[in-house]
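Scope of the values below: all heavy atoms of this structure, side chains included, with no hydrogens, waters or symmetry mates.
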Amino acid sequence: MLTVEEKVDTLERVLQRFIISTETSLKSLSREVDRVSKEVDRVSKNVDKQSEEFALFREEARQERILMNKKWGEITNKMGTFVEDMVAPNIKGIAKRYFGCKELDDFMLRRHKRHSIDRTRRREFDVIAVCGDKVILNETKSNVKIDYIEDFIKLLDEFFDYFPEYRGKELIPVFASLYIGEDFIAYLTKHGIYA
């Protein structure tokens, strides 16, 4: 049997090997933790950089959208006034040819007028041509939508609230566009509007 001294020596050697093994494992673990930590820092910095780049990209895209919307708005407005510029000179000929107006008393292009009853309301009228007992009201759109026609129909009901001085005259509504489909022509005609 082993003596106490031999048992203690054996126990010391086992404990020493355990300590050395544990220290080696801890050093290895510490190196692995350092490596993972550095990798996490690197990835985190990369993610932060990408997040900043993405945020910058999103802001640039937002600014670009704002600019494009503004440009589309300008193009749409130009298209609208382009068509109005084509139609307006023809209103005089239409007045003469179809409604017997030899001479116009007044011709208003893009007339802005305040409502005579509700002074907070203003609107623009594309063309108004006055001839004797007739008032020709033209609405011009670069393209036709049912909403545009409906808005024009509503305007007809309140036209004389904007121009009370023409009350008692015959109102002749004319809707113009580059192209008006047959369905729209039928709808306009049904509402007493020339197309």
ILVMFWY cluster, [X] and [Y] together (side-chain gap under 4.5 Å):
X	Y	value
V144	I146	yes
Y148	L137	yes
V130	L156	yes
F152	I172	no
I128	L171	yes

Excluding sequence neighbours, so at least two apart, what forms side chain to side chain contact (heavy atoms under 4.5 Å, CB included) with [X]?
X	answer
R58	F54
R35	E32
R123	F125, E139, L155, Y162

Atom pairs and distances, donor-acceptor, side-chain atoms in residues 89-109, under 3.5 Å, two or more places apart:
residue: N90; atom: ND2; partner: M86; partner atom: O; Å: 2.8
residue: D105; atom: OD2; partner: G132; partner atom: N; Å: 2.8

According to salt bridge (Lys or Arg N to Asp or Glu O under 4.0 Å), does anything in residues 153-164 pair up with another residue at least two apart or in another chain? List the pairs.
R121-E158, D161-R167
Quick one: side chains of residues 180-195, donor-acceptor pairs under 3.5 Å with protein atoms, not counting sequence neighbours, listed by atom name and distance.
residue: Y187; atom: OH; partner: E150; partner atom: OE2; Å: 2.1
residue: T189; atom: OG1; partner: I185; partner atom: O; Å: 2.8
residue: H191; atom: ND1; partner: Y187; partner atom: O; Å: 3.0

Euclidean distance, [Y] [atom2] relative to [X] [atom1], rounded to 0.5 Å:
X	Y	atom1	atom2	value
I66	Q63	CD1	CD	4.5 Å
K134	E170	NZ	CD	5.5 Å
K141	D151	NZ	CG	7.5 Å

Do T140 and V127 come within less than 4.5 Å of each other through their side chains, counting heavy atoms only?
no
Find out whether R111 and F163 are in side-chain contact, i.e. whether some heavy atom of one side chain is under 4.5 Å from a heavy atom of the other.
yes
Which heavy-atom pair separates K113 from E165 by the least distance, and what is that distance?
NZ-OE2, 4.0 Å
